[in-house]
**Q** 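The structure's right below; bear with me while I get my questions together.
Proteins get letters first, then strands, A, B, ... in listed order; numbering begins at 1 in each. No hydrogens, no waters, no symmetry mates; every other heavy atom, side chains included, goes into these values. Nothing here was measured: the structure is a model prediction, and the numbers come from that model.
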Amino acid sequence: MPCWPVCRVSCAMPGGVFNVSDMAPVELHPLYYLHNFEVLCDTVEAQYGDLLTAQELQFLQDFRACEDAARGLFVRLTSRRGTWFRPEKLNYPELTENLTVPLEQLASRGLVSFTADPGLELLLELCLKGELLQLFADILAPDARKLRKPELAEQLLQLALDSEEVNRRWQDWYTHSVIEVHGPAVVEVLQLLFFGNRRQSLTDFVLSDLGVASYESYALDRRYRLFASRAQVDEYLQAAVLREQFYNLLEQDDVEAMVALVALLPVTRSSHTPQQQRWDKLRNRLGRQLERYQQPAAALRAYAGSHMHPARERSVRLLESQGELEQALELCDSMAMDPWCEAEMDFQRRKSVQLARKNGAAVTLLKPPVPISERLVLAPTERRVEEAAAAHYRQHWQWVGHVENSMVNALFGLALWEQIFAEVAGAFVNPFQSAPLDMYSGTFYRTRRSAIDARLDELAQADLAAVLLASYDAHFGISNRWVSWRGIEREMIATAAQIIPVTHLIAMWRRILFDPQANRSGLPDLLALDPEHGYCMIEVKGPGDQLQLNQKRWLRYFSEQDIPVKVAWVSWHDA
DNA sequence: ACCCATCACGCATAT
DNA sequence: ATCGTTAAAG
DNA sequence: ATATGCGTGATGCTTTAACGA
Ligand SMILES: [Mn+2]
Ligand SMILES: [Mn+2]
């Protein structure tokens, strides 16, 4: 472990979470979740009040009218799975011992409702297996106890008991009413508006407070709005609904419905907006699944509306396998005219040659330079092949690490820290981001071009190791999409920055800048460093493993830039 | 980084 | 009773 | 043999409680 650099808030350490200043465990306020939710509500209302529906505004009013215990309970319930609960099972001593009063209050505001007759399907979820056996003991076979719960549930459903019967049994046994929370839909909208996405949640507040994750303290300009209109909010939610539908159909292997789903997707223009990319991603996923279902026509329809790789690649393959060589070639040509990314360009080159051959033409593809290769025969080991190879190379190199993408990415993140977190309008919309919103889009470099170019020029002249270590120390522990703090040691950064020529690093960083999404992976397994021999990157391949396409692209680039790299093909000694 | 992305693995195919 | 899996919670 | 495509599985805050088997 390196010594404790300046760490702004707190750091996660093995054995628990501690505040750096006093090393005592972080204590949260007993009602931390309520406070977090209220911050969320207040922020959203201030920033997006005009986009909220009457129902959503009414919710805020109802919620705020409740006492602490009721509000806290509501937040507790909405952060749990499902919407139905048995009140006698709830236990939140930090609110009150008896939750009757808070529940009544929530009910009076319409935030929860009571039901004495939930019906069999719900009971199957709300009851433990033992309780179900007890409830229906007299009508179940004596060996029902041996069934698993899902099978038991199935059996009970097949008994086709009428609802009167079910409710009578239930009410004889259970003296309370079960409750349903009415909130998740509104809460979902509020969370979406607060975070700008659906995957972050109140958990992010907690992890931040606990110091499990800490975030750069960029300024949030709440005047900038990610959603300009209610229609945009609804479109986001609609895309989420359809995506969920897709995953449901996938679970049930419902081919028909999935074919029909294609027609429900909107036809979007290539606008490079995040929303359009969400639609495209769904189209690609749907298309891929339809291919697996042997539905090429539907798959082609799904891909046809997508502006995201690999939609055209998949389409060409489909057309080819259907014998539509003309159309396949045509699509290849449009890919050649206006390729979406390097991966697509590579594919197009290979496929065009293949297709032309199929049509009888005599064409040859220029073979890319073969990377320097060597064969290693190593003693069989339990460890991963990369580790075994690293051990071998340590005979000649002072330091060899299995770093994969983590080293080059970390150096990228450290070198361009200030530019990544630069206050560009609309880049940051919530306090828990590890990168600007446009980090992976082509605009990242374009909108920060002069700052990034200046920084790279500066680094070319500077004592690189010193500058990168200063960045490491200044930002240690802060979430950055490019820097995995667990994976990189300070010493390692220092050595790498001293030995690798800055021109080589800048060349790699520029390739990342060219397409940050695609080029953050595919880097070689090993980095070997030595004060005498310099450095070398080594991609290790065990028996049966082949170079991946993104690895080949990096290797090609390294060869163009005269960056030292090789591929080690490992086989094992006979025992 | 929107139920992700990433890597290596193991298998089946085509050349 | 005990163990593995999953949800809840900090 | 070699290349290529495809699907799969582990991994990603940690600790504790509840549940099913
Ligand atoms: Mn690797
Ligand atoms: Mn490898």
**Q** What is the distance, to the nearest angstrom, from the NE2 atom on A:His402 to the P atom on B:dC7?
**A**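 Rounded to the whole Å, the gap is 10 Å.
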**Q** Using a heavy-atom cut-off of under 4.0 Å over every strand shown, decide if A:Arg481 touches base, sugar-phosphate, or nothing.
**A**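 Here A:Arg481 touches the bases of the nucleic acid.
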**Q** Of the nucleotides B:dC7, D:dA21, C:dA7, which one has an atom closest to the side chain of A:Asn550?
**A**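 Closest nucleotide to the A:Asn550 side chain: B:dC7.
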**Q** Using whole Å, what does the distance between atom C1' of nucleotide B:dA5 and atom NE2 of A:His309 come to?
**A**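 It is 15 Å, rounded to the nearest whole Å.
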**Q** Measure from CH2 on A:Trp569 to P on D:dA3 and round the result to the nearest Å.
**A**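 Spelled out: CH2 on A:Trp569 to P on D:dA3 is 7 Å.
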**Q** Between A:Arg292 and D:dT8, is there a side-chain N or O to OP1/OP2 distance below 4.0 Å?
**A**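 Checking D:dT8 against A:Arg292, no side-chain N or O comes under 4.0 Å of OP1 or OP2.
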**Q** Output the single nucleotide from C:dG10, B:dA1, B:dC3 whose closest atom is nearest the side chain of A:Leu437.
**A**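 Output: B:dA1.
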**Q** Is A:Lys351 touching bases, backbone alone, or none of the nucleic acid, heavy atoms closer than 4.0 Å?
**A**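 A:Lys351: no heavy atom of the nucleic acid under 4.0 Å.
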**Q** Mind checking A:Lys146 for me? I need base, sugar-phosphate or nothing, with any heavy atom below 4.0 Å counting as a touch.
**A**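 If one applies the 4.0 Å heavy-atom cut-off, A:Lys146 turns out to touch nothing in the nucleic acid.
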**Q** Measuring from the side chain of A:Arg80 (C-beta onward, heavy atoms only), which nucleotide among B:dC3, C:dA8, D:dT4 has the closest atom?
**A**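 The listed nucleotide nearest to A:Arg80's side chain is C:dA8.
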**Q** Between C:dA9, B:dA1, D:dG5, which nucleotide has the shortest distance from any of its atoms to the side chain of A:Leu549?
**A**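 In terms of side-chain proximity for A:Leu549, the closest of C:dA9, B:dA1, D:dG5 is D:dG5.
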**Q** Picking from B:dC3, D:dT4, D:dA21, which would you name as closest to the side chain of A:Lys129?
**A**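 From the listed options, D:dA21 comes nearest.
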**Q** Report yes if at least one side-chain N or O of A:Lys552 is closer than 4.0 Å to OP1 or OP2 of D:dA3; otherwise report no.
**A**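 No, outside the criterion.
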**Q** Does A:Lys89 have a side-chain nitrogen or oxygen under 4.0 Å from the phosphate oxygens OP1 or OP2 of D:dC19?
**A**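 Yes, within the criterion.
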**Q** So A:Phe205, base contact, sugar-phosphate only, or nothing? Heavy-atom distance under 4.0 Å.
**A**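 Answer is nothing: A:Phe205 stays at 4.0 Å or more from every strand.
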**Q** Select base, sugar-phosphate, or nothing to describe what A:Asn36 touches, counting heavy atoms under 4.0 Å on all strands.
**A**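 Nothing: the residue A:Asn36, judged by heavy atoms under 4.0 Å, touches no strand.
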**Q** At 4.0 Å (heavy atoms only), tell me whether A:Tyr32 reaches a base, stays on the sugar-phosphate, or touches nothing.
**A**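 Answer is base: heavy atoms of A:Tyr32 come under 4.0 Å of a base.
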**Q** Whether the A:Trp279 and A:Glu235 side chains hold a donor-acceptor pair (N or O, under 3.5 Å, no angle test) is what I'd like checked.
**A**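 Result is yes, a qualifying pair exists.
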**Q** What's the closest nucleotide to the A:Asn405 side chain, out of B:dT6, D:dG20, D:dC13?
**A**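 Nearest nucleotide to the side chain: B:dT6.
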**Q** Without hydrogens or angle criteria, can the side chains of A:Tyr32 and A:Glu94 be said to hold a donor-acceptor pair below 3.5 Å?
**A**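 The answer is no; no qualifying pair exists.
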**Q** Give one of base, sugar-phosphate or nothing for A:Arg145, where a contact means two heavy atoms less than 4.0 Å apart.
**A**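 No contact at all - A:Arg145 keeps every heavy atom at 4.0 Å or more from the nucleic acid.
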**Q** Of the options D:dG20, B:dA8, B:dC7, whose atoms approach the side-chain atoms of A:Lys149 most closely?
**A**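 Nearest to the side-chain atoms of A:Lys149, counting from C-beta on, is D:dG20.
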**Q** Does some side-chain heavy atom of A:Leu156 sit less than 4.5 Å from a side-chain heavy atom of A:Leu140?
**A**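 Of all side-chain heavy-atom pairs linking A:Leu156 with A:Leu140, at least one is under 4.5 Å.
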**Q** Centroid-to-centroid, A:Tyr33 to A:Tyr92, below 6.0 Å?
**A**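 Not close enough - the centres of the two rings lie 6.0 Å or further apart.
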**Q** Contact class for A:Pro150 vs. all strands (heavy atom < 4.0 Å): base, sugar-phosphate, or nothing?
**A**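 Since only primed, P, OP1 and OP2 atoms lie under 4.0 Å of A:Pro150, the category is sugar-phosphate.
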**Q** For A:Thr203 and D:dC13, is the shortest distance between a side-chain N/O and OP1 or OP2 below 4.0 Å?
**A**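 Negative; the distance criterion is not met.
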**Q** What I want to check is whether the side chains of A:Arg520 and A:Tyr440 have a donor and an acceptor closer together than 3.5 Å.
**A**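 Yes.
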**Q** Round to a whole Å and report the spacing from CZ of A:Arg350 to C1' of D:dA3.
**A**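 Atom CZ in A:Arg350 sits about 10 Å away from atom C1' in D:dA3.
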**Q** Contact class for A:Asp545 (heavy atom, under 4.0 Å): base, sugar-phosphate, or nothing?
**A**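 It contacts sugar-phosphate atoms only.
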**Q** For A:Ala435 and A:Phe421, which heavy atoms make the closest approach, and how far apart are they?
**A**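 Minimum heavy-atom separation between A:Ala435 and A:Phe421: N-CE2, 4.2 Å.
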**Q** Does A:Glu404 reach a base, just sugar-phosphate, or nothing at all? Heavy atoms under 4.0 Å.
**A**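 Result for A:Glu404 = sugar-phosphate.
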**Q** Between B:dA8, B:dC3, D:dT4, which nucleotide gets closest to the side-chain atoms of A:Gln551?
**A**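 Selected nucleotide (nearest to the side chain): B:dA8.
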**Q** In whole Å, what separates the P atom of C:dG10 from that of D:dG5?
**A**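 C:dG10 and D:dG5 have their P atoms separated by 50 Å.
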**Q** OP1 or OP2 of C:dA8 less than 4.0 angstrom from a side-chain nitrogen or oxygen of A:Tyr92, does that happen here?
**A**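 Result: no.
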**Q** Using the P atom in both, what is the distance from B:dC9 to B:dC3, to the nearest Å?
**A**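 Roughly 28 Å separates the two P atoms.
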**Q** Looking only at atom P, what distance separates D:dT14 and B:dA1, rounded to whole Å?
**A**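 It comes out at 16 Å once rounded to the nearest Å.
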**Q** Whole-Å distance between D:dG20 P and A:Leu132 CG?
**A**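 It is 9 Å, rounded to the nearest whole Å.
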**Q** Does the side chain of A:Asn519 come under 3.5 Å of the side chain of A:Arg511 through a donor N or O and an acceptor N or O?
**A**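 Their side chains do contain a donor-acceptor pair, which is all the 3.5 Å distance test asks for.
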**Q** Mind checking if A:Gly522 touches a base, just sugar-phosphate, or nothing, with heavy atoms under 4.0 Å?
**A**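 Sugar-phosphate only.
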**Q** How is A:Leu128 classified with respect to the nucleic acid when contacts are heavy atoms under 4.0 Å: base, sugar-phosphate, or nothing?
**A**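 Touches sugar-phosphate only.
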**Q** Starting from C1' on B:dC3, measure out to CZ on A:Arg283 and report it in whole angstrom.
**A**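 Rounded to whole Å, this separation is 19 Å.
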**Q** Does C:dG10 have OP1 or OP2 under 4.0 Å away from a side-chain N or O of A:Arg76?
**A**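 Answer is yes, contact under 4.0 Å.
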**Q** Provide, to the nearest angstrom, the distance between the CG atom belonging to A:Leu28 and the C1' atom belonging to D:dC13.
**A**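 These atoms are roughly 13 Å apart.
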**Q** What does A:Gln200 touch in the nucleic acid at a heavy-atom separation under 4.0 angstrom: a base, only the sugar-phosphate, or nothing?
**A**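 Nothing, no nucleic acid heavy atom in range.
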**Q** A:Leu207 has an atom CG; how far is it from atom P of D:dG12, in whole Å?
**A**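 Whole-Å distance recorded here is 15 Å.
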**Q** Among the candidates C:dG10, D:dC13, B:dA8, find the nucleotide nearest to the side-chain atoms of A:Val206.
**A**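 When the side chain of A:Val206 is considered, C:dG10 is the closest of C:dG10, D:dC13, B:dA8.
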**Q** Nearest to the side chain of A:Arg81, heavy atoms from C-beta on, is which of D:dC6, C:dA9, C:dA8?
**A**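 The nucleotide sitting nearest to the side chain is C:dA8.
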**Q** Do any N or O atoms from the side chain of A:Gln232 and from the backbone of A:Ala228 form a donor-acceptor pair under 3.5 angstrom?
**A**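 Yes, the answer is positive, given that a donor and an acceptor are paired below the 3.5 Å cut-off.
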**Q** Output yes when at least one side-chain N/O atom of A:Arg317 is less than 4.0 Å from OP1 or OP2 of D:dG5, else no.
**A**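 Yes, such a contact exists.
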**Q** Is a donor-acceptor contact shorter than 3.5 angstrom present between the side chain of A:Arg384 and the base of B:dA8?
**A**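 Flag unset: no donor-acceptor pair detected.
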**Q** Which is true for A:Tyr440 with a 4.0 Å heavy-atom rule: it touches a base, it touches only sugar-phosphate, or it touches nothing?
**A**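 Since no nucleic acid heavy atom lies under 4.0 Å of A:Tyr440, the category is nothing.
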**Q** Could you tell me whether A:Glu38 and A:Arg71 have a side-chain N and a carboxylate O separated by less than 4.0 Å?
**A**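 Yes, charged N to carboxylate O under 4.0 Å.
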